[in-house]
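Atom set for the values below is all heavy atoms of this structure, side chains included, hydrogens, waters and symmetry mates excluded. In what follows, every chain begins at residue 1, and chains take the letters A, B, ... in the order their sequences are listed.
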Number of protein chains: 2
Amino acid sequence: MVTKARSTPRREDSLSRDRIIDASIELLDSSGEGGLTFRALSERLATGPGAIYWHIAHKSDLLTAASDTIIARTVAATVVGATPQATIRALALGMFDAIDAHPWVGSALASAPGQLPIVRIVEGIGQQVHAMGVPDRQQWAAVSALLSYILGVGGQNAANSQFARTQGIHRADFLQGLSTAWSQLDAAEYPFARSLAGQMRTHDDRADFLAGIDFILSGIASQQSRLAKNVVTT
Amino acid sequence: MVTKARSTPRREDSLSRDRIIDASIELLDSSGEGGLTFRALSERLATGPGAIYWHIAHKSDLLTAASDTIIARTVAATVVGATPQATIRALALGMFDAIDAHPWVGSALASAPGQLPIVRIVEGIGQQVHAMGVPDRQQWAAVSALLSYILGVGGQNAANSQFARTQGIHRADFLQGLSTAWSQLDAAEYPFARSLAGQMRTHDDRADFLAGIDFILSGIASQQSRLAKNVVTT
DNA sequence: ACCTGAACACCGTTCAAGT
DNA sequence: ACCTGAACACCGTTCAAGT
């Protein structure tokens, strides 16, 4: 053991990376993406902005660490289902709900490609894709399809919340407004988007999210059976 | 006709929304997301920052308009294929390539939910989903699955480029570095992500993107046949 | 080793004043 | 109607100076 535990910290409530991250999460949850500021944060922690830089490299480091706290919790809380598919659905739903509860996570993940929170999600999905029997060579495509979809939905959800917040309205009211805007689109140029405006208002976000996961899962399954057939026939 | 064309503009090269948007695109392409600044922009246009606000409401308006120029071009250039599926693939690939060429579009779309550029994509995909014979009630789920996936991949691509740019390296070198980092992950905690590091280095971004589109398309198709069977048997 | 807080080099946005 | 440019109210980040 080269390093040993710090003996008697200076004061009980001394600054630490963990305390900074916890305070950041509180700030992000209560005031949104724009609410996380080194000034607001240092005020909440009763220090100067410079003190934070002793523990954290820069703001994006802070955002990634904050997201990672949420993601680690979410992945750990995922209940393993009866089948790999069921577990993937559970994990995906957990992600959906986590981003719904903490919209800033959606945009933070979008700008932290390949970082620890993403690794956790990839690991969670990947083990199940492996269990599904997807051959090694196809695993990356399968995992990254699921990951990209989850991040895509998460990002849109985050943006909706963020947009609504800056206008001082609720997410539901913002979506309602969007639906109205779409229903007034030019009928000749955007017939489809226009016809979708109604569904946009009544649809169930969570159910549609899951429908997308199922599309991908069944697509992965059908490619596997196609590959299996090729092995037999060629 | 209530409005009539402006007679004799003050000077040939006077400021206009279009000129501002074109200059923004040049700035974004050459200097990345961080390069678009009202100061840099007004310098390029040889005016003051205030002049721009006469034509544009705020920065996000500018970003959305700039993305819309790219997206409109991309959607218009999409070649209609032999089948709706082929057309969707072509449209999706067009989006992939557009975001690859203009990474900032990827992140701009993520924060402009329901805005015009998104409407264009939804319209393009939606008409084909309709042509596939997907029943009205399922169309939103199908379209939004495809859209979310495209935006998800686009966002990750944009973030990769952005990340690489701030470190002053090329995207390929950044991905190479990520792959190395993943290969050094703890074997007990992240066995899958670790095993994926190799594929991460050698995979073909574009091919994997298309594989994801195909997963979703075949998932949509298989749900249709399931629904059709239900109609027959019940 | 860790913290303080002033200072630096920026931002987006506004607005009185001009033409 | 459109443009100018100084000014406002912020940012993230650095760093000499303290303990």
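Among the protein residues, A:Leu41 comes within range of no part of the nucleic acid, since none of its heavy atoms lies under 4.0 Å from any strand. Using a 4.0 Å heavy-atom cutoff across all strands shown, A:Leu36 reaches sugar-phosphate atoms only and no base atom.
Note on A:Trp54: a side-chain N or O is less than 4.0 Å away from OP1 or OP2 of C:dC2. The shortest distance between the side-chain N/O atoms of A:His58 and the OP1/OP2 oxygens of D:dT14 is not below 4.0 Å.
Within the structure, the salt bridge (charged side-chain N to carboxylate O under 4.0 Å, His left out) test picks out the following pairs touching residues 114-124 of chain B (sequence neighbours left out): B:Asp68-B:Arg120. Annotation: ring pair (Phe, Tyr, Trp, His ring centres under 6.0 Å) contacts involving residues 165-201 of chain B, sequence neighbours excluded, comprise B:Phe163-B:Phe174. Applying the salt bridge (charged side-chain N to carboxylate O under 4.0 Å, His left out) test to residues at least two apart or on different chains, none of the pairs has a partner in residues 146-161 of chain B. Judged as a ring pair (Phe, Tyr, Trp, His ring centres under 6.0 Å), the pairs with a partner in residues 47-66 of chain B (not counting sequence neighbours) are, in order, B:Phe38-B:Tyr53. Applying the salt bridge (charged side-chain N to carboxylate O under 4.0 Å, His left out) definition to pairs two or more places apart or across chains, those involving residues 160-175 of chain A are A:Arg171-A:Asp205.
In this structure, the OH atom of B:Tyr53 is 12 Å from the P atom of C:dC15, given to the nearest Å. For the pair A:Arg17 CZ and C:dC2 P, the computed distance is 14 Å after rounding to whole Å. Between the P atom of C:dC3 and the NE2 atom of A:His55 lies a distance of 4 Å, rounded to the nearest Å. In this structure, B:Glu33 atom CD and C:dG12 atom P are separated by 13 Å, rounded to whole Å. Atom P of nucleotide C:dT14 and atom CD1 of B:Ile56 are separated by 14 Å, given to the nearest angstrom. Taking atom NZ of A:Lys59 as the reference point, atom P of D:dT13 lies 8 Å away to the nearest angstrom. At whole-Å resolution of the value, CD1 in A:Ile52 and P in D:dG12 are 10 Å apart. A:Ile20 has its CD1 atom 11 Å from the C1' atom of C:dC3, to the nearest Å.
Scanning residues 106-118 of chain B for heavy-atom distances under 4.0 Å to DNA chain C yields an empty list.
Taking the salt bridge (charged side-chain N to carboxylate O under 4.0 Å, His left out) definition, one finds that B:Arg44 meets it with B:Glu26, sequence neighbours left out. Contacts of A:His102 classified as side-chain hydrogen bond (donor to acceptor under 3.5 Å, both in side chains), with partners at least two apart in sequence or in another chain: A:Asp29. Scored by the ring-ring contact (aromatic ring centres under 6.0 Å, His included) test, A:Phe96 finds A:Phe209 as partners (sequence neighbours excluded).
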Exercise for the section: Determine which bases of DNA chain C form Watson-Crick or G-U wobble pairs with both distances under 3.5 Å, and write the result as a 5' to 3' dot-bracket string with | for other-strand partners. Expected result: ||.|||||...|||||.||
Using atom types as modelled, flag every donor-acceptor pair under 3.5 Å from a side chain in residues 105-119 of chain A to any protein atom, sequence neighbours excluded.
residue, atom, partner, partner atom, Å
A:Ser107, OG, A:Glu33, OE1, 3.4
A:Ser107, OG, A:Glu33, OE2, 2.9
A:Ser107, OG, A:Trp104, O, 3.3
A:Ser111, OG, A:Ser107, O, 3.2
A:Ser111, OG, A:Ala108, O, 3.4

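Among the nucleotides D:dT13, D:dC3, C:dC2, the one closest to any side-chain atom of A:Phe38 is D:dT13.
No donor-acceptor pair closer than 3.5 Å links the side chain of A:Ser179 to the backbone N or O of A:Leu175.
Heavy atoms of other residues, nucleotides or ligands lying less than 6.0 angstrom from CD of A:Gln167 number more than 12.
Ion pairing of A:Arg17 with A:Asp61 is present here, as a side-chain N (NZ or NE/NH1/NH2) and a carboxylate O approach within less than 4.0 Å.
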Return the polar atom pairs (N/O with N/O) between nucleotides 5-10 of chain D and the protein under 3.5 Å, or none.
residue, atom, partner, partner atom, Å
D:dG5, O6, B:Gly50, N, 3.4

